[in-house]
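Structure, as structure tokens:
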Amino acid sequence: MNWHALWADGPVISAHALAAILAMAVGAVQLVASKGTLRHRWLGFLWVGTMALVAVSSFWIHEFRWWGPFSIIHVLSLLVLVTLGYSIREVRRGNVTAHRNSMVQLYALALVLTGAFTLVPGRTMHAVLFGG
């Protein structure tokens, strides 16, 4: 692992990537652990916080520009923030099914799928994991 490649891209990208890595790990635990426990709730707070940090920090990353300084990634970040709010609201209303579905979709689409795109040669995480 070449962590220097991550630090070399500056504090915003470093914080964004580290939050995403933490969200991947915490989210994986959440997916397999018992639901409805105090541990699940506290890890959920941590996961929502890291996901919000990943989404919000993306607004200071302008690698791809489609509309002024923004891209489709920024639209996804807005969707992540809205979905986090929706999922929290639904679990507080007792709609556990909607909560579970939206959280699993966020994990799969906003972390796993978009995370795979960070492994393309020339991107920071490719350099971190594979050198270059």
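Asn101 is listed as a side-chain neighbour of Thr97, based on a closest heavy-atom distance under 4.5 Å. Looking only at side-chain heavy atoms (C-beta outward), Thr37 and Trp42 stay at 4.5 Å or farther from each other. Residues Val26 and Thr50 form no side-chain contact, since every pair of their non-hydrogen atoms from C-beta on lies 4.5 Å or further apart. Within the 4.5 Å cutoff, the side chain of Val80 has heavy atoms near those of the Leu106 side chain. Two residues are said to be in side-chain contact when any heavy atoms from C-beta on lie closer than 4.5 Å; Ile21 and Met125 meet this criterion. Taking the side chain as every heavy atom from C-beta outward, His40 and Gln30 approach each other to under 4.5 Å. By the 4.5 Å heavy-atom criterion applied to side chains, Arg100 and Leu31 are not counted as neighbours. Between Leu18 and Leu22 there is no side-chain heavy-atom pair separated by less than 4.5 Å.
Note: Trp47 and Tyr107 have tilted aromatic rings, judged against thresholds of 30 and 60 degrees for the angle between ring planes. By the 30° and 60° cut-offs, the orientation of the rings of Phe130 relative to His126 is tilted.
With rounding to the nearest 0.5 angstrom, the CZ atom of Phe59 is 4.5 Å from the OG atom of Ser77. Atom NE2 in His99 sits 10.5 Å away from atom CD in Glu90 (nearest 0.5 Å). Taking OG from Ser87 and CE from Met51, the interatomic distance works out to 11.0 Å, rounded to the nearest 0.5 Å. Distance check, rounded to the nearest 0.5 Å: CG of Leu79 to NE2 of His74 gives 14.0 Å.
Put simply, the residue from Ile61, Leu6, Thr118 that forms a side-chain contact (heavy atoms from CB on, under 4.5 Å) with Thr124 is Leu6.
Leu81 approaches Ala52 most closely through the heavy-atom pair CD2-CA, 4.0 Å. Taking each heavy atom of Val29 and Arg39 in turn, the nearest pair found is CG1-NH2, 3.4 Å.
Under the 4.5 Å side-chain contact rule for hydrophobic residues, Leu111 and Val104 share a cluster. Tracing side-chain contacts under 4.5 Å through hydrophobic residues (I, L, V, M, F, W, Y), one reaches Leu129 starting from Ile13; they form part of the same cluster.
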